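Structure, as structure tokens:
Here the structure is a predicted model, which means the values were calculated and not measured. Order of the sequence lines fixes the chain letters, A, B, ..., with proteins taken first and strands second; residue numbering starts at 1 for each chain.
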Number of protein chains: 2
Amino acid sequence: MKLDDLKHAQRERLIFLDRCLTWRGMANRKDLIDHFGISTAQAALDFRVYLSLAHSTPPTYDPVRKTYIASIEHEPLAPSGLTEALDILTSDDEDTPPSALPRPERKADRRTIALLHQAIRSGKALHVRYTSMSSGTDEGQWIAPTRFTSDGESVHLRAHSFKHGEYRNYLPIRIDPDSSFEEKPIDKPLPEDVDWNTRAIIWLRPKTGLSDEQAKVVRREFGFEGEWLRVETRKALEFFFDRRWGLDTVGARLERAKTDYEPI
Amino acid sequence: MKLDDLKHAQRERLIFLDRCLTWRGMANRKDLIDHFGISTAQAALDFRVYLSLAHSTPPTYDPVRKTYIASIEHEPLAPSGLTEALDILTSDDEDTPPSALPRPERKADRRTIALLHQAIRSGKALHVRYTSMSSGTDEGQWIAPTRFTSDGESVHLRAHSFKHGEYRNYLPIRIDPDSSFEEKPIDKPLPEDVDWNTRAIIWLRPKTGLSDEQAKVVRREFGFEGEWLRVETRKALEFFFDRRWGLDTVGARLERAKTDYEPI
DNA sequence: TTTAATCGTATAATTTCTAGATGGACATAC
DNA sequence: GTATGTCCATCTAGAAATTATACGATTAAA
């Protein structure tokens, strides 16, 4: 049996269970019961199924501690990073501040997003008024939205700008909600979005000037062994890279070695 | 009927449906079927239930476009930010780079995390070797882990350091996986973690020097009307705040006005 | 006109899950 | 040492959720 053979609901439960075993190193029926509101019997069944799936490195029951303990060589069924597993490790109260730093979340207008989404779907151009920090609000322009992207901080809109004759990244929040949002079909095919369809392979190395020992720490911290750390993204998103990775700050511990481009 | 009365599985489906209606402004049975692998009949039932829950601002079916369209005044059943809803708006291929910029994910050692978690649970002190960028690897020290936290970038460990006689934030990745991890009970009660139990209320305002128009954009972008934006966190996490919000960079558009502290 | 894609409904069969009872192993308190 | 509580496990009957299948309606496009 495979994880994918299961129904969505049970698969979710087993993945949760798997994460508990991976990051806590232990798990109980109670964890499943509290998290999913299922009965003890079902939780017991889930454990049976999990054990049958994890045949290579099954967890063992420790009657003294009354929990299942992950095997030393535990192999996660579904790989996960620590960041994604954070909520498994923390337990926040309702009325106290959370244990994670709040993010600078940009608010977005529901209706604007929906209109953009529908323009993407139907391949229409939209008339919008856009405000940039530098030049202020424009008088309205036609754009052809193609997709949503993210720089990890906020959501961007990738669109062809007829005004500038090129593809650009827009922040949906800066689109005036009172724009006309007039629609029109795109008469002649849009040019290819070359930057989007170009793979950018960025090679990073510990910052010049770090001691050997410090460089070693940086390598372990970012999980690479050799000289370089390879990160892959799209050329269209590369602009955001340095800020997102903090390469432009004083305390940066990584720097770019080189960047390769190849069409996708 | 309330959303909370439903079983976990169906609640998940309705929340997904709700997000589609909120951010796409439209939804189909097919969305549910593709995302959860349920039958058309079940998807139809889910729509019935959703409509009964969203009695105040129900979506309507548009036979021309063959989809449900969210009401203009659509009220989400479960509020969500745009960032969380990003995956609803994007559709990534398997073998092309994703449409989101990769994050600088720190790798973490499973076993180390599990040991820390278990020490937190059982209230034990642990002997670890810690490497800091400045002072290099120490010879080992006793710490009393209390909880995991996050600065939004990577996961931290909050622990009482016996060596320094105070609570500190540690990066689990910098704990040597070959530490002894010797356990010992905590003999006398730990002091209160004052910084953790202090609420930090940070008041931000558009950066001095911005034009009125620019300030207006910033206000809309971060979703506040009046003079200040109020952000709440814990004093123990405040150290990470400026970096996370980019207040320390050249292009910052927000600055701190003041900070209030109050015990939790 | 036909085909395809939506929507909807209904029924019976199947799977999943619950409720409630029972028993065993162990730790702790008395 | 015995009682108690808390985990684990399992069993069965029944409730609930879900599927499979079939059928009908509307609309757009080939």
Side-chain angles (χ1 to χ4, degrees), chain A residues 1-17 20-21 24-54 58-71 118 121-124 185, chain B residues 1-17 20-21 24-54 58-71 118 121-124 185:
Chain A
M1 181 153 50
K2 288 258 180 72
L3 191 59
D4 294 331
D5 301 339
L6 301 170
K7 293 282 161 61
H8 186 269
Q10 192 174 33
R11 187 164 58 238
E12 293 277 296
R13 295 201 298 272
L14 293 202
I15 288 173
F16 174 82
L17 188 52
C20 286
L21 289 167
R24 293 180 179 168
M26 55 200 291
N28 270 340
R29 288 195 304 182
K30 190 155 196 310
D31 295 319
L32 287 174
I33 292 166
D34 290 348
H35 199 264
F36 294 99
I38 55 172
S39 65
T40 61
Q42 188 57 38
L45 288 176
D46 286 348
F47 266 88
R48 292 310 97 209
V49 175
Y50 185 84
L51 290 174
S52 81
L53 287 178
T60 51
Y61 184 66
D62 178 344
V64 178
R65 304 169 66 186
K66 290 176 182 163
T67 57
Y68 281 87
I69 304 292
S71 148
Q118 287 166 33
R121 280 269 189 109
S122 57
K124 292 274 175 33
Chain B
M1 180 152 48
K2 287 260 180 71
L3 191 60
D4 294 331
D5 300 339
L6 302 169
K7 291 281 162 60
H8 180 85
Q10 194 173 30
R11 186 163 58 238
E12 293 276 297
R13 294 201 299 271
L14 293 202
I15 287 174
F16 175 82
L17 188 51
C20 287
L21 289 167
R24 293 181 180 167
M26 55 201 291
N28 271 342
R29 290 194 303 183
K30 191 158 196 310
D31 295 318
L32 287 175
I33 291 166
D34 290 348
H35 199 263
F36 294 100
I38 56 172
S39 66
T40 61
Q42 188 57 38
L45 289 175
D46 286 347
F47 266 88
R48 292 309 97 210
V49 175
Y50 184 84
L51 290 174
S52 81
L53 287 178
T60 52
Y61 183 66
D62 178 345
V64 177
R65 305 170 64 186
K66 291 174 183 166
T67 57
Y68 280 89
I69 304 293
S71 149
Q118 287 166 33
R121 280 270 188 108
S122 57
K124 292 274 175 31

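- The nearest heavy atom of DNA chain D to B/S39 and to B/K7 marks one nucleotide each, and the one closer to the 5' end goes with B/K7.
- One can place NE2 of B/H8 at 15 Å from P of D/dA17, the figure rounded to the nearest angstrom.
- One can place CG of A/L32 at 15 Å from C1' of C/dT18, the figure rounded to the nearest angstrom.
- Between B/R48 and C/dT9, a side-chain N or O to OP1/OP2 separation shorter than 4.0 Å is present.
- Sequence order on DNA chain D of the closest nucleotides to A/L51 and B/T40 puts A/L51 first from the 5' end.
- Within the 3.5 Å criterion, the main-chain N or O of A/A44 finds no donor-acceptor partner in the side chain of A/R29.
- For the pair A/R29 and D/dA9, the criterion of a side-chain N or O lying under 4.0 Å from OP1 or OP2 is met.
- Phosphate contact (OP1/OP2 of D/dT18, side-chain N/O of B/R13, threshold under 4.0 Å): present.
- Residue contacts for B/F47: at a heavy-atom cut-off of 4.0 Å it reaches no nucleic acid atom on any strand shown.
- Of all non-hydrogen atoms in A/L51 and A/P58, the two that sit nearest each other are CD2-CB, 4.4 Å.
- The two residues A/L6 and A/R11 have their closest heavy-atom pair at O-NH1, 2.9 Å.
- Residue B/A41 has its side chain nearest to D/dT19 when only D/dT6, C/dA4, D/dT19 are considered.
- Contact annotation: A/N28 side-chain N/O to D/dC7 OP1/OP2 distance is not under 4.0 Å.
- Annotation: of the two residues near DNA chain C, A/V64 and A/F36, the 5′-most nearest-nucleotide partner is A/F36.
- The nearest whole Å value for the distance from the CD1 atom in B/I38 to the P atom in C/dT16 is 15 Å.
- Atom NZ in B/K66 sits about 7 Å away from atom P in D/dA28, given to the nearest Å.
- Atom pair B/L17:CG and C/dC7:P shows a separation of 11 Å (rounding to whole Å applied).
- The separation between B/Y61 atom OH and D/dT26 atom C1' is 8 Å, rounded to whole Å.
- Between A/P63 and A/D46, the one whose closest nucleotide on DNA chain C sits nearer the 5' end is A/D46.
- Summarising the geometry of A/R24 relative to B/Q118, their closest heavy-atom pair is O-NE2, 2.8 Å, with the distance given to 0.1 Å.
- When distances are taken from the side chain of A/Q42 to each of D/dT27, C/dT6, C/dC17, the shortest belongs to C/dC17.
- Taking the six-membered ring where tryptophan is involved, the planes of A/H35 and B/H8 are tilted, since the angle between them lies from 30° to 60°.
- Whole-Å rounding puts the B/L45 CG to D/dA20 C1' distance at 14 Å.
- Across the protein-nucleic acid pair, B/L6 atom CG and D/dA15 atom C1' stand 16 Å apart, rounded to whole Å.
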